[in-house]
Amino acid sequence: MNKIALFEHPLRSTPLVECAGQYCDNRIWIKRDDLIPFCFGGNKARKAAEFYHVLKETDTDLLMTYGSNCSNHCRVIANLAFALGVHCHIISPDSKEEDSFNRLMTEQFGATVETCPVSEVSDTIDRAMASFTEKGRKPYFIMGGGHGIPGCNAYVKAYEEILLQQLEYGVDFDLICHASGTGSTQAGLTCGRLMHAHSGKKCPQVVGISIAREAKRGREVIRESIAEYLGERYEELYRDADLIFTDKYRLGGYGNYNEEVAQLIGKVMSHEGIPMDTTYVGKAFCGMLKYLREKRISGKNILFIHTGGTPLYFDHLKGLS
Ligand SMILES: *Cc1c(COP(=O)(O)O)cnc(C)c1O
């Protein structure tokens, strides 16, 4: 397996920028995880850096994962596999949409994409894993969205980065908000908070804005990840009130196009020069503003984590969705 020089060293902190535009009665800061210097960045690139260290210890010769046509995760894993010098095989539910830029790049990295009806994704994964193993390959399976301990660990580190940046930038954040999907980003940030809450440091609360799942299932998956990550310390550190995950701003569900979100994305691009996509980041930014308004939160310092998805911004510009 090839080494990836970039991931041999800890990633540098991603910048924080304070918004110039007026969006609500709070000061909004954006943490630019979209600028992580690998394959257009984003939270999947941050997670990939952690998977890299796990994979290096294995004799894997094939990465397998799954995701939709517009999956950022598949793009990043395909690039990771290419850089490692191993094959990448992706299972993806059938889609009527035109190929997204993420899909085109996934294929450009040499990944094979096997599509199937959405109800057969799980069986297709099992079948493909068994078939590769039978042929003497050593496939390594990464859950959708980079879910699992390495993915969670990536955002424990990000939380610790934020604690240091509060000192560096001279600002204490009251809340950290972000788009929550498969839940490992939120699980990691929440674990980071729980592990440091008694250290005397100012530890901002984390608010996940669901872009897909309903609250019940979303919370359950995040709670399980937190339990898995904290292990023996779970009972001592975790209380249900520590997990804030709202499904009120899904605006028609995963991937659904929303005009209000599209307008806000235009405003953010004009005022900040920061691209946001309609499926994750733009939708969550819109949801965060609604959340702050509904909770009558004002005069606070809010940190929004930009979790990436830059290629999706261009899909939207071209009118794909
Ligand atoms: C995957 C993704 C998310 C959601 O992250 P999870 O860890 O799956 O909750 C948010 N934003 C972008 C741009 C993503 O690609």
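In listed order, ligands and their atoms are each counted from 1.
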(message) Salt bridge or not between Lys267 and Glu272? Use side-chain N to carboxylate O under 4.0 Å.
(response) no

(message) Please list all pairs meeting ring-ring contact (aromatic ring centres under 6.0 Å, His included) that have one or both residues in residues 17-63, counting only residues at least two apart or in different chains.
(response) Phe7-Phe38, Phe7-Tyr52, Tyr23-Phe285, Trp29-Phe173

(message) Tell me which pairs pass ring-ring contact (aromatic ring centres under 6.0 Å, His included) where either residue lies in residues 125-147, with sequence neighbours left out.
(response) His89-Phe132

(request) Output every pair passing ring-ring contact (aromatic ring centres under 6.0 Å, His included) with a member in residues 188-247, not counting sequence neighbours, ordered by first then second residue. (result) Tyr234-Tyr238

(request) Please confirm whether the backbone N or O of Cys70 pairs with a side-chain atom of Asn102, one donor and one acceptor, at under 3.5 Å? (result) yes

(request) Would you check if there is a donor-acceptor pair between the side chains of Lys31 and Gln165 at a distance under 3.5 Å? (result) yes

Check each N or O atom of ligand 1 against all protein N or O atoms and list the pairs under 3.5 Å, with atom names and distances to 0.1 Å, one per line.
residue  : atom   : partner : partner atom : Å
ligand 1 : 5 (O)  : Asn43   : ND2          : 2.9
ligand 1 : 7 (O)  : Lys47   : NZ           : 2.7
ligand 1 : 7 (O)  : Thr185  : N            : 3.0
ligand 1 : 7 (O)  : Thr185  : OG1          : 2.6
ligand 1 : 8 (O)  : Thr182  : N            : 2.8
ligand 1 : 8 (O)  : Thr182  : OG1          : 2.6
ligand 1 : 9 (O)  : Gly181  : N            : 2.6
ligand 1 : 9 (O)  : Thr182  : N            : 3.2
ligand 1 : 9 (O)  : Gly183  : N            : 2.9
ligand 1 : 11 (N) : Thr307  : OG1          : 2.7
ligand 1 : 15 (O) : Lys44   : NZ           : 2.8
ligand 1 : 15 (O) : Asn72   : ND2          : 2.7

